[in-house]
Q: 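Sharing a structure with you now.
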Amino acid sequence: MIKGIIFDLDGVIVSTDEYHYQGWQQLADEEGIEFNREINERLRGVSRMESLGILLEKATKEYSEEEKIEMATRKNNIYRNLLKNITPADILPGVMDLLNELKKKGIKMAIGSSSKNTPVILERIRMDTFFDAVADGNDIRNSKPDPEVFLLAATRLSIPAEECLVVEDAEAGVSAALNARMKVLAVGSASKDKRAHLRAADLTEVTAEELLMMN
Ligand code: BG6
Ligand code: MG
């Protein structure tokens, strides 16, 4: 039986993914590095520094550690500026209905995100007190596909991993959930991932009953 549900944040609860893309694209343009939406797909669920590593695969020169930190900071500053536009209206379709239904049924819910910006995003969408637990990029050493963030979220919910379901939009996130031995619902960009136990284009397509029946 599913007793706890762990939601990824970016691309599952809220559409910050376009702002991540814009931040990386601007950085790549400033550095004269080839970048596009296809490469951007590989950054979903991956930490900031690892994302930079993927972007730098197309670089024509070597960058020092100091330069890499400056570039990641520059991207984050662009991203943080764009985040000022986020409001509760950016919560993705079906999210609030599903979450409220789950809450009524007494299901414990957590956020499990690689993002260090999780607290600021939750505040902007006025969901900073909604979840029973939050585990994010500030708490972990290894980002998805490592299961660390989901295992920490389960611990914080006091629910065994086998009784948790993860909702993810990233291939790396689906891998992380499977590595944690959790069930996984893949949505959005990950909705074609056959490894997931359940798949949907978005959360308007799933009901609380359907999720809780998974075993
Ligand atoms: C994930 C996003 O949620 O967070 C990734 O899917 C992003 O694209 C990662 O790189 C880290 O985010 P941040 O906000 O710490 O730079
Ligand atoms: Mg995501």
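Values below: all heavy atoms of this structure, side chains included; hydrogens, waters and symmetry mates excluded. Both counts, for ligands and for their atoms, begin at 1 and track the order of listing.
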Q: Could you please compute the angle at the Mg ion (ligand 2) from OD2 of D8 to OD1 of D169, rounded to 10°?
A: 90°
Q: Identify the residue among V206, L98, D8, L203 that makes a side-chain contact (heavy atoms from CB on, under 4.5 Å) with V167.
A: L203
Q: Taking distance alone, with N or O pairs closer than 3.5 Å, would you say N117 contacts ligand 1?
A: yes
Q: Classify the contact between V46 and ligand 1 as side chain, backbone, both or neither, using a heavy-atom distance cut-off of under 4.0 Å.
A: backbone
Q: Taking atom CD of E209 as the centre, report whether more than 12 heavy atoms of other residues, nucleotides or ligands fall under 6.0 Å from it.
A: yes
Q: Examine the side chains of E31 and Y63 and answer whether a donor and an acceptor come within less than 3.5 Å of each other.
A: yes
Q: Check V174 against A186 and note the closest heavy-atom contact, atom names and distance.
A: CG2-CB, 4.2 Å
Q: Which heavy atom of A180 sits nearest to which heavy atom of L151, and what is that distance?
A: CB-CD2, 3.8 Å
Q: Does ligand 1 have any atom sitting under 4.0 Å from a heavy atom of L43?
A: yes
Q: Under 4.0 Å from a heavy atom of S51: which atoms of ligand 1 are those, numbered in the order shown and with their elements?
A: 10 (O)
Q: Establish, from distance only, whether the side-chain atoms of N76 and N117 form a donor-acceptor pair under 3.5 Å.
A: yes
Q: Can you find an N or O of K116 that's nearer than 3.5 Å to an N or O of ligand 1?
A: yes
Q: Which of the numbered atoms in ligand 1 are under 4.0 angstrom from any heavy atom belonging to D10?
A: 1 (C), 2 (C), 3 (O), 4 (O)
Q: Within ligand 1, which atoms have a heavy atom of G45 less than 4.0 Å away?
A: 2 (C), 5 (C), 6 (O)
Q: At less than 2.8 Å, would any N/O/S atom of D10, backbone or side chain, sit next to the Mg ion (ligand 2)?
A: yes
Q: R48 to ligand 1: N or O pair under 3.5 Å?
A: yes
Q: Just distances here: any N/O of K75 and N/O of ligand 1 closer than 3.5 Å?
A: no
Q: For ligand 1, which atoms sit closer than 4.0 Å to a heavy atom of R44?
A: 6 (O)
Q: Are side-chain N/O atoms of R195 and S175 paired as donor and acceptor at under 3.5 Å?
A: yes
Q: Using a strict cut-off of 4.0 Å, indicate which atoms of ligand 1 neighbour a heavy atom of S113.
A: 3 (O)
Q: Strictly by modelled atom types, are E50 and S143 linked by a side-chain donor-acceptor pair under 3.5 Å?
A: yes
Q: Identify the two heavy atoms, one from Y19 and one from L82, that lie closest to each other, and give their separation to 0.1 Å.
A: CE1-O, 3.5 Å
Q: For atom 12 (O) of ligand 1, which of G173, G23, S115 has the closest heavy atom?
A: S115
